[in-house]
Amino acid sequence: MRQALVAGNWKMNGSLENNEALLKGLLEQLDDVTAKVAVCPSFVYLSQARDLLAGSQVGFGGQDLSTEASGAFTGEISAEMLNDFGCEYVIVGHSERRDNHGETNELVAQKTQVALNAGLTPLFCVGEHLEDRESEQTEAVIAAQLDAAIETCGIDAFENIVIAYEPVWAIGTGKTATSEQAQEVHAFIRNRLAGHDQNVAKQTTILYGGSVKAANAEELFSMPDVDGGLVGGASLDAAEFAAICKAAK
Ligand code: PGA
């Protein structure tokens, strides 16, 4: 059985006051939740999240990491620093990093390996742009993103990697992929892993991300290869995020 996971990607949002209200509100509403739950705040709020989440069922992680271990890399955060703070997860290869910071498939694969080396669980993001989908390149784009990580990290590493399929056209747009569209790509990803190792493919958690909300979570998460969600905007509202967590089984 794969463990369901719902992770909140707070992106560049939050303040000490809002985060406290959000996390306290969330912790009050998770009684019936069986899925794993995590939040990825901005780096500066990791210590606040650690304190507020101590002893709770909610894990936390970073939104990015450096490939370097330490040294003269102004503005960067290393895997060991995230580990030091008690992070369990780190998002790698989010489309906003790929698009706005020129992260290539190879760099994202390297970051995934560096995260694994530090004992972090990478939330490894893949996804196509609208023009890829319209020109029937979705599978080719995702295959290239996935293959780079398989080549760098090896197929066995996927026992410790969570994949997040996030169609770029669905992120922050309110346009969710239909559950059939999500399932189709999730099955493609799982089959591609199975081409290397069937057992690893069966065990790998694959999340859907892109305008997940309480109103569509149950339908998306009911698909056989969708094991939970990576949630942006809706993770900033405690009641909404808790309802999404409840929908993941
Ligand atoms: P969204 O973002 O839920 O706001 O669409 C998802 C993500 O970017 O991880």
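The first residue in the sequence is number 1, and the count goes up from there. Order of appearance sets the numbers: ligands from 1, and atoms from 1 within every ligand.
- For the pair Glu166 and Arg98, the salt-bridge criterion is not met [side-chain N within less than 4.0 Å of a carboxylate O].
- Between the side chain of Asn18 and the main chain of Asn13, no donor-acceptor pair closer than 3.5 Å is present.
- Among Gln145, Gln137, Arg133, the single residue meeting the side chain to side chain donor-acceptor pair (under 3.5 Å) criterion with Glu128 is Arg133.
- Per-residue contacts place Gly210 under 4.0 angstrom from the following atoms of ligand 1 (heavy atoms of the residue considered): 5 (O).
- In terms of N/O distances under 3.5 Å, ligand 1 is not approached by Thr173.
- Judged by the shortest distance from any of its heavy atoms, Ala234 lies outside the 4.0 Å radius around the atoms of ligand 1.
- Gln183 pairs by the side-chain hydrogen bond (donor to acceptor under 3.5 Å, both in side chains) definition with Asp225, not counting sequence neighbours.
- Every atom of ligand 1 is numbered from 1 in the order shown, and the set under 4.0 Å from a heavy atom of His94 is 7 (C), 8 (O), 9 (O).
- The shortest distance between side-chain heavy atoms of Lys213 and Thr176 falls below 4.5 Å.
- Residue contacts with ligand 1: Lys11 is included, with a non-hydrogen atom under 4.0 Å away.
- When only non-hydrogen protein atoms are considered, atom 9 (O) of ligand 1 lies nearest to Glu166 OE2, 2.6 Å.
- Between Gly233 and ligand 1, at least one N/O pair is under 3.5 Å apart.
- Shown here is Glu151, whose CD atom has no more than 12 heavy atoms of other residues, nucleotides or ligands within 6.0 Å.
- Of the heavy atoms in Asn9, only side-chain atoms (C-beta onward) come closer than 4.0 Å to ligand 1.
- Polar contact with ligand 1: present for Gly232 (N/O pair, distance under 3.5 Å).
- With no hydrogens or angles considered, a side-chain donor-acceptor pair links Asp99 and His129 at under 3.5 Å.
- Contact atoms of ligand 1 toward Ser211: 1 (P), 3 (O), 5 (O) (distance under 4.0 Å to a heavy atom of the residue).
- Ring geometry for His186 against Tyr165 counts as perpendicular: the plane angle is over 60°, on a 0 to 90° scale with 30° as the lower cut.
- Using 4.0 Å as the threshold, Gly172 has a heavy atom nearer than that to some atom of ligand 1.
- At a heavy-atom cutoff of 4.0 Å, ligand 1 is contacted by the backbone of Ala170 but not by its side chain.
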